[in-house]
Protein chains: 2
Amino acid sequence: MTAPARTQKQRREEAEAALLDAAAELVAEQGLRALTLARVGERAGYSRGLVTHYFGSKQALVERLARAAQSGFVPGLADLPPGPDRLLRLIDGYLAQQTKHERPLNRAFLLLWMEAATSPDLARLFADRTEAFRTDLREDLTAGIAEGTIRPDLPVEETTAAIVAQLRGIAIQLLVTPESLDLPALRVFLTDHWRRALTGGGHGLTR
Amino acid sequence: MTAPARTQKQRREEAEAALLDAAAELVAEQGLRALTLARVGERAGYSRGLVTHYFGSKQALVERLARAAQSGFVPGLADLPPGPDRLLRLIDGYLAQQTKHERPLNRAFLLLWMEAATSPDLARLFADRTEAFRTDLREDLTAGIAEGTIRPDLPVEETTAAIVAQLRGIAIQLLVTPESLDLPALRVFLTDHWRRALTGGGHGLTR
DNA sequence: CTCCATTTGTTGGTCGACTGACAAGTAAGT
DNA sequence: ACTTACTTGTCAGTCGACCAACAAATGGAG
């Protein structure tokens, strides 16, 4: 056997990825309470014992999953310079992301973040992600203030907190009762709403 | 025994209230996963069997608890007539409520609402409450538009959704990492923010 | 290159703990 | 007496963890 079908490294990585995918799916579908080691293993196409063998414990699996779930970003924003335009596109992009049959990791992120309310371990993990989110917004706001396109008396900290909370609040409401929100209309409304709020007047921001 | 210390009705009602209180405490502390029939009974000062006897099943207990948790209102608003002032006080009052070592029912409400994301039964229960919340806001907005204190082109539906989501998003963030938010500053910011947004200009609403 | 000892991947059995439900029993109120 | 409040015993199911075993891959010695 000089040329085995799959090397050990491959086998391990494939299995580990499959297990994490399965875990994300389960959380996305039914929340943490549906995440049992047996289900993860079997949905991934393996046996129930493998998860423990690789991740050590259920808690370790959840932590790994939580880290993996934090990678969700709004695409197409990296090229934009910080400023109000990027911020508005971030808002719009975030909301747009919630509509498309959300990838499991997207749903899993929100559900795990909610679980963090009653789990200090998770809370610590998610603090970073939230802070990174707010940091991006902070950059946009300070850049806008510096270039004069955002009113200088806008409270930066409070604004970032308000935006993050609003976006996540909408995302959660969409999880609970999707039909109670008109997401396309909300996208239009919120971009316009924040455009007005940042400039301080009723005028458009660009042009 | 012609004069018993407590009548049967009293005993039942006391016990039932104690059980519901205990259930709310448990959910507030650790979420639904900590809500076991045995714990509820024993924390309430009874035996583990009583919960089933009164409520029939765990699901029935959770539903009762969910209904009880929906009674949280911002006090001191009933006397105000619908309009932007009442709306702003509702926002401020809602946020103020999140600071004071939240009564268990307050926390329990949010946590159960989050659980509703992965539990259709709960989702149905909470749809009403959210709708009632939004209805109040709707009344304020339409009244303000009618009396001319709110800009007439404000999209009412989207605004109510945005406010509810924002308030709940903040409340959840406070549950997860309370220290990451400056609540007093947020109260000031948000009332001012919405005052501006409703009028459409940078002017104050009253006076 | 090949064989074999060793490591690593993977499985299924099993144990102890916990949980919800129920039923049979005791005590208190009517 | 009889109903209602309340407790205790118990059962069946589920779960996380550990373990012993088999299978596949690896690497070094001949």
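Chain A is the first sequence line, chain B the second, and so forth, proteins listed ahead of strands; every chain is numbered from 1.
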Would you indicate, yes or no, if [N] has its OP1 or OP2 atom less than 4.0 angstrom from a side-chain nitrogen or oxygen of [X]?
X: Tyr46(A); N: dG9(C); answer: no
X: Thr36(A); N: dT14(D); answer: no
X: Tyr54(A); N: dT10(C); answer: yes

Task: Trp194(B) and His193(A) aromatic ring geometry - parallel, tilted or perpendicular at 30°/60° bounds - done: parallel
Specify the separation, in whole Å, of atom [atom1] of [X] and atom [atom2] of [N].
X: His53(A); N: dC19(D); atom1: NE2; atom2: C1'; value: 12 Å
X: Glu13(A); N: dT10(C); atom1: CD; atom2: C1'; value: 17 Å
X: Arg33(A); N: dT14(D); atom1: CZ; atom2: P; value: 15 Å
X: Glu14(A); N: dT10(C); atom1: CD; atom2: C1'; value: 14 Å
X: Leu50(A); N: dT8(C); atom1: CG; atom2: C1'; value: 12 Å
X: Leu32(B); N: dT19(C); atom1: CG; atom2: P; value: 13 Å
X: Leu37(B); N: dT8(D); atom1: CG; atom2: P; value: 16 Å
X: Arg48(A); N: dG9(C); atom1: CZ; atom2: P; value: 20 Å

Open item on the list: Taking any heavy-atom pair under 4.0 Å as a contact, classify Arg39(B): base, sugar-phosphate, or nothing.
Closed with: sugar-phosphate
- [ ] Using a 4.0 Å heavy-atom cut-off across all strands, classify Leu35(B) as base, sugar-phosphate, or nothing.
- [x] sugar-phosphate
Task: Chi angles and distances behind the side-chain contact (heavy atoms from CB on, under 4.5 Å) call for Glu29(B), Arg107(B) - done: CA-CA 8 Å; Glu29(B) 285 165 19; Arg107(B) 276 181 73 99; over 6 Å; no
TODO: Compare the minimum distances between each of dA5(D), dT10(C), dG16(D) and the side chain of Arg11(B), then state the nucleotide with the smallest one.
DONE: dA5(D)
Task: Listed nucleotide nearest any side-chain atom of Arg12(A), set dT11(C), dT7(D), dG9(C) - done: dG9(C)
TODO: By nearest nucleotide on DNA chain C, pick out whichever of Glu16(A) and Thr52(B) is the more 5' one.
DONE: Glu16(A)
- [ ] Decide if atom CZ of Arg138(B) counts as having more than 12 heavy atoms of other residues, nucleotides or ligands within a radius under 6.0 Å.
- [x] yes
TODO: Could you tell me whether the side chains of Thr130(B) and Arg168(B) share a donor-acceptor contact shorter than 3.5 Å?
DONE: yes
Task: Heavy-atom closest contact (Gln70(B) atom, Leu125(B) atom, distance) - done: NE2-O, 3.2 Å
